[in-house]
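Everything quoted here is computed from the prediction, not taken from an experiment. Scope of the values below: all heavy atoms of this structure, side chains included, with no hydrogens, waters or symmetry mates. Sequence lines set the chain letters: A, B, ... in the order given, protein chains first and strands last, and positions in each chain run from 1.
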There are 2 protein chains.
Amino acid sequence: MVEEQDEKILGELQKDGRATNQQLAETVGMSTSACWRRVRALEESGVISGYAALVAREQAGFATSAILHVSLERHDVKFVDEFVASVLKRREVLECFATTGDADYHLRVVVRDMDAYNRFLDDFMFRIPGIRHVRTNVILKEIKTGVALPF
Amino acid sequence: MVEEQDEKILGELQKDGRATNQQLAETVGMSTSACWRRVRALEESGVISGYAALVAREQAGFATSAILHVSLERHDVKFVDEFVASVLKRREVLECFATTGDADYHLRVVVRDMDAYNRFLDDFMFRIPGIRHVRTNVILKEIKTGVALPF
DNA sequence: TCCATTTTGGTAAATTCTACCAAAAAGGCG
DNA sequence: CGCCTTTTTGGTAGAATTTACCAAAATGGA
């Protein structure tokens, strides 16, 4: 479904989401119209789900971030659904994955400072019903924060 | 340094990195020229570090992903630097964070299938010197993968 | 080989970007 | 407060880009 030329396009647009169609067409080696149509198709089929500006966390005033390991007390749909719905609502939670291993979920949370993180735990996380355990791993350093799939 | 109007702009560009300057100017309520200049300043100061197309992982053919907990044997600069340099090289590693807690590092790795993940471990991860322990948590479900800071 | 379908490259009008201008706003100082 | 300097603003016009269309080329089934 996604062929080689499409992967080239995706690779480039992951690196520069605002590349003009002309630049793009040249670097992937096709005409501007063919390239434009492919990009459009990738957007409409949902392979490209969107475009985003990447903002430097620290510079933008978000000094604190952490990875949370969360396990649920019980795994009824009721509790799971409520947990998922809660997590989707909170914008501090940038990522949430259901995983194998000791924890049921891995979350990455970004906030302005430790105080805000404390509030996040007290006012939000600890109030979600059915949570057995939450372990906080504070992020000391971001080695890498990428969004580009390794085509 | 980043003021309220800038945060509005950043918020919008995080949601739609390809919004035209005119749309943007209208939604944040300023003239196109003022808006354009602010965006430019945010780019040049590095607050906006770039733009990216967001690609749907599964649709693009990356079926498997995992979160790795990695601890190092020793924490000499020598080993740490080599680990960091190695990780930065591998495009399968989308994210890497140095954290508090049992593990020294949290990594998120994305590959096409389990086979590729196996190769990633054998050919790469297990060959990095100074690694004490690697625990794999396979991602069963992506609840949320966001890039937008919660302004 | 032939026909139907898809994909291509080129073009032109509509839109958008970008660099300028003078005017307005903000800030410092006696 | 009044004056000056500096910064930020809105408007505009030319350059660049996007987007929809065309006929031609390529693809692929029967």
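The pair B:Glu12-B:Lys15 counts as a salt bridge, with a side-chain nitrogen and a carboxylate oxygen less than 4.0 angstrom apart. Looking at B:Lys78 and B:Asp76, no side-chain N of the basic residue comes within less than 4.0 Å of a carboxylate O on the acidic one, giving no salt bridge.
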Anything under 3.5 Å between a protein N or O and an N or O of nucleotides 20-25 of chain D, put it in a table, one pair a line.
none

List, with names and distances, any nitrogen or oxygen atoms from the protein found under 3.5 Å away from nitrogen or oxygen atoms belonging to nucleotides 13-15 of chain D.
none

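Contact check, A:Arg38 against C:dT8: a side-chain N or O comes under 4.0 Å of OP1 or OP2.
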From CA spacing to verdict: side chain to side chain donor-acceptor pair (under 3.5 Å), B:Gln14, A:Tyr51: CA-CA 8 Å; B:Gln14 284 187 141; A:Tyr51 297 89; over 6 Å; no

Check against side chain to side chain donor-acceptor pair (under 3.5 Å), A:Ser71 and A:His133: CA-CA 5 Å; A:Ser71 9; A:His133 188 245; 4.5 Å; no

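Going from atom CD of B:Glu26 over to atom P of C:dC17 covers 13 Å, rounded to whole Å. Rounded to whole Å, atom C1' of D:dG11 lies 16 Å from atom CE of B:Met30. The distance between atom CD of B:Gln22 and atom P of D:dG10, rounded to the nearest whole Å, is 15 Å. Regarding B:Gln23, its CD atom lies at a distance of 7 Å from the P atom of C:dT16, rounded to whole Å. Between A:Glu43 atom CD and D:dT18 atom P there is a gap of 11 Å when expressed in whole angstrom units. We find that CG of A:Asp16 is positioned 15 Å from C1' of D:dT17, with the value rounded to whole Å. Between the CZ atom of A:Arg18 and the P atom of D:dA16 there is a distance of 18 Å, rounded to whole Å. The nearest whole Å value for the distance from the CG atom in B:Asn21 to the P atom in D:dT18 is 15 Å.
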Would you mind writing out the side-chain donor-acceptor pairs for residues 114-124 of chain A within the sub-3.5 Å range, not counting sequence neighbours?
{"unit_1": "A:Asp115", "atom_1": "OD2", "unit_2": "A:Arg119", "atom_2": "NH1", "d": "3.1"}
{"unit_1": "A:Tyr117", "atom_1": "OH", "unit_2": "A:Thr136", "atom_2": "OG1", "d": "2.7"}

For a quick test of your reading: what N or O donor-acceptor pairs under 3.5 Å do the side chains of residues 19-32 of chain A make, sequence neighbours left out?
{"unit_1": "A:Thr20", "atom_1": "OG1", "unit_2": "A:Gln23", "atom_2": "N", "d": "3.2"}
{"unit_1": "A:Thr20", "atom_1": "OG1", "unit_2": "A:Gln23", "atom_2": "OE1", "d": "3.3"}
{"unit_1": "A:Asn21", "atom_1": "OD1", "unit_2": "A:Trp36", "atom_2": "N", "d": "3.4"}
{"unit_1": "A:Asn21", "atom_1": "ND2", "unit_2": "A:Thr32", "atom_2": "O", "d": "2.9"}
{"unit_1": "A:Gln23", "atom_1": "OE1", "unit_2": "A:Thr20", "atom_2": "N", "d": "2.9"}
{"unit_1": "A:Thr27", "atom_1": "OG1", "unit_2": "A:Gln23", "atom_2": "O", "d": "3.4"}
{"unit_1": "A:Thr27", "atom_1": "OG1", "unit_2": "A:Leu24", "atom_2": "O", "d": "3.0"}
{"unit_1": "A:Ser31", "atom_1": "OG", "unit_2": "A:Ala34", "atom_2": "N", "d": "3.2"}

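Between A:Leu10 and A:Val47 there is a side-chain heavy-atom pair separated by less than 4.5 Å.
Remark: B:Ile139 CD1 to A:Phe97 CZ distance equals 4.5 Å, nearest 0.5 Å.
Both B:Thr32 and B:Gln5 sit near DNA chain D, but only B:Gln5 has its closest nucleotide nearer the 5' end. Along DNA chain C, the nucleotide nearest A:Gly29 and the nucleotide nearest B:Thr20 are compared for position; the residue whose nucleotide lies closer to the 5' end is A:Gly29.
Donor-acceptor pairing under 3.5 Å is lacking for the side chains of B:Asp104 and B:His69.
Cation-pi geometry between B:Arg57 and B:Phe62 is not met: the NZ or CZ atom fails to fall both under 6.0 Å from the ring centre and inside 45° of the normal.
The rotation axes computed at either terminus of the helix from C:dT1-D:dA30 to C:dG30-D:dC1 lie 40° apart, taking five pairs at each end and rounding to 10 degrees.
By the salt bridge (charged side-chain N to carboxylate O under 4.0 Å, His left out) test, A:Asp16 pairs with no residue at all, sequence neighbours left out.
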